[in-house]
Structures are given as C-alpha cells and as structure tokens.
Amino acid sequence: LINTTEKAALDKVVYSVLNQNFDDFELIVVDRENFQFNNAFLDDKRIRIIKIPEEFNMPKLLNESARQANSELVCFLDSSDLLLFDSLKVRYQTFCSNPECVCVYGFGLETDQDFNPCDSEQNNYFYKALPLPENTLQSFINLSIYPQISSFMLKKEVFDRIEFNE
C-alpha cells in the first residue's frame, strides 16, 4: 500500500515496487488528492488505485486501504519510501519459513522529498540501536511510537483483528 502524500516522489516509490525480483503482489496506491498518474502505472495489472477521502486521518486511511487488499500480507509504504530490489521476496520468505511470524520490519529510512535521511525518532530506533519500547507491535499499532512505515509488513488476518487506532 502506498499512501500518496507527495506526488513529486511517487514515481520513484512505485518503480521501486515494480522493479522487485518478486512479482506476486498487488500494489495499491491510495489517492487522496486526485493525482494525475503516470500512464505506465495505469496499464500495469499489478497496480490498483483506490480513492480515500482527504479528511480521513492517517490511521483511518491505513485501516481502510488495508481492508481493500486482496492478499495474505500487507506492506505499508509512504510516498517517500523506496524498496530495495529483493525486499518483498525476503519478507515473503521470512513469513513462509516462520509460520508463527505475524509481522516483519525491514530497514526503512525516513527521508525528505529529495530522499535525504531525516533525523527522527524512528531512524534512531533502527539505526542508532536505541532500545524499542516494550510490546513493540502494539506500540506501532497504537501509534505510541512511529516506525518508518515501509518497515512494516503484517499478516492481513492479524491486521484485520487489531487495526490502527483511529
């Protein structure tokens, strides 16, 4: 799922997903602002664009978009995130080899519009080895700490039970 908040960076994010070495995915682009999308995106059968009202707050937007996913796993991307070429494959294999696993965090780095790293709390957790709070999964879901959203892939059946706090 990609939440479109910054049109300038959207093409790079979409291409980072389309260029994966794993192609069994559906890319849902959440359109809040009636963007004009690249025609190549509109022709790709792996991409689905859904409209979500602008007035939805972020947790409600994430919940509503995830409900529309037609997959067993949901990965959240922001419009300034990029995936390495094997990111989806590695995450999928992690779930397959660990059936009890309910969520996988990749290494995401929060960036500005020009993809320069930001100095932020989530970058500090993941890159400066600060200890994560207790009950990390629930902390992320409750938004009491804010992970880099692209680092978060979750089994949809689990997400359907817990969702983000609205």
Side-chain angles (χ1 to χ4, degrees), residues 1-95 102-118 120 122-123 126 140-141 143 146-166:
L1 286 166
I2 299 175
N3 172 28
T4 56
T5 56
E6 299 170 26
K7 173 60 174 139
L10 183 62
D11 287 358
K12 289 181 183 179
V13 179
V14 171
Y15 283 123
S16 82
V17 176
L18 295 179
N19 291 326
Q20 293 291 301
N21 64 352
F22 180 83
D23 63 2
D24 186 16
F25 64 84
E26 172 189 43
L27 174 59
I28 297 175
V29 179
V30 181
D31 182 9
R32 300 175 71 178
E33 302 177 15
N34 294 316
F35 284 138
Q36 294 298 317
F37 290 97
N38 181 324
N39 284 338
F41 300 160
L42 300 175
D43 294 336
D44 194 307
K45 296 191 184 320
R46 297 172 293 177
I47 298 177
R48 183 162 47 113
I49 298 170
I50 61 172
K51 304 272 188 202
I52 300 284
E54 275 187 66
E55 63 272 6
F56 277 26
N57 62 28
M58 185 58 68
K60 188 171 184 175
L61 177 140
L62 294 172
N63 289 338
E64 183 57 34
S65 352
R67 284 185 200 110
Q68 295 191 38
N70 296 319
S71 63
E72 294 177 23
L73 302 171
V74 178
C75 183
F76 297 96
L77 294 170
D78 202 7
S79 57
S80 61
D81 297 336
L82 298 176
L83 291 178
L84 297 175
F85 83 101
D86 63 346
S87 180
L88 293 180
K89 182 177 183 179
V90 168
R91 293 172 194 216
Y92 179 75
Q93 289 172 338
T94 300
F95 281 103
V102 295
C103 105
V104 174
Y105 301 92
F107 286 99
L109 185 64
E110 184 179 8
T111 67
D112 62 20
Q113 291 182 42
D114 297 319
F115 296 96
N116 297 311
C118 298
S120 67
Q122 57 263 32
N123 287 350
F126 293 107
F140 286 146
I141 295 295
L143 297 178
Y146 295 90
Q148 175 62 17
I149 201 162
S150 66
S151 64
F152 191 64
M153 182 182 272
L154 184 67
K155 284 185 177 176
K156 188 166 185 303
E157 68 180 80
V158 173
F159 183 82
D160 289 341
R161 291 193 317 252
I162 58 177
E163 297 188 334
F164 288 100
N165 284 350
E166 293 181 18

Output all residues satisfying side-chain hydrogen bond (donor to acceptor under 3.5 Å, both in side chains) with Lys89, sequence neighbours left out; order by chain, then residue number.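 side-chain hydrogen bond (donor to acceptor under 3.5 Å, both in side chains) check on Lys89 returns nothing, list empty.
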Where do Ser87 and Gln20 come nearest, in terms of heavy atoms and distance? N-OE1, 3.2 Å
Taking all atoms of both residues into account, what is the closest heavy-atom pair of Leu88 and Phe25, and its distance? CD1-CD2, 3.9 Å
Do the non-hydrogen side-chain atoms of [X] and [Y] ever get within less than 4.5 Å of each other?
| X | Y | answer |
| --- | --- | --- |
| Val30 | Ile2 | no |
| Leu18 | Ile47 | yes |
| Cys103 | Met153 | no |
| Val29 | Ile50 | no |
| Lys156 | Leu73 | no |

Glu26 and Arg48 ion-paired at < 4.0 Å: yes
What's the verdict on side chain to side chain contact (heavy atoms under 4.5 Å, CB included) for Asp11 and Val13, showing C-alpha distance, side-chain angles and the deciding distance? CA-CA 5 Å; Asp11 287 358; Val13 179; over 6 Å; no
Quick check on Glu72: does its CD atom have over 12 non-hydrogen neighbours (other residues, nucleotides or ligands) under 6.0 Å away? no
Is it the case that atom CG in Asp43 sees more than 12 heavy atoms from other parts of the structure closer than 6.0 Å? yes
When rounded to the nearest 0.5 angstrom, what distance separates [atom1] in [X] from [atom2] in [Y]?
| X | Y | atom1 | atom2 | answer |
| --- | --- | --- | --- | --- |
| Tyr92 | Cys75 | OH | SG | 15.0 Å |
| Leu61 | Met58 | CG | CE | 5.5 Å |
| Ile52 | Asp31 | CD1 | CG | 9.5 Å |

Knowing that exactly one of Ile28, Leu1, Leu62 qualifies, which makes a side chain to side chain contact (heavy atoms under 4.5 Å, CB included) with Val74?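 When side chain to side chain contact (heavy atoms under 4.5 Å, CB included) is applied between Val74 and each of Ile28, Leu1, Leu62, only Leu1 qualifies.
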Phe159 and Phe152: ring-ring contact (aromatic ring centres under 6.0 Å, His included), yes or no, with the steps? CA-CA 11 Å; Phe159 183 82; Phe152 191 64; 7.7 Å; no
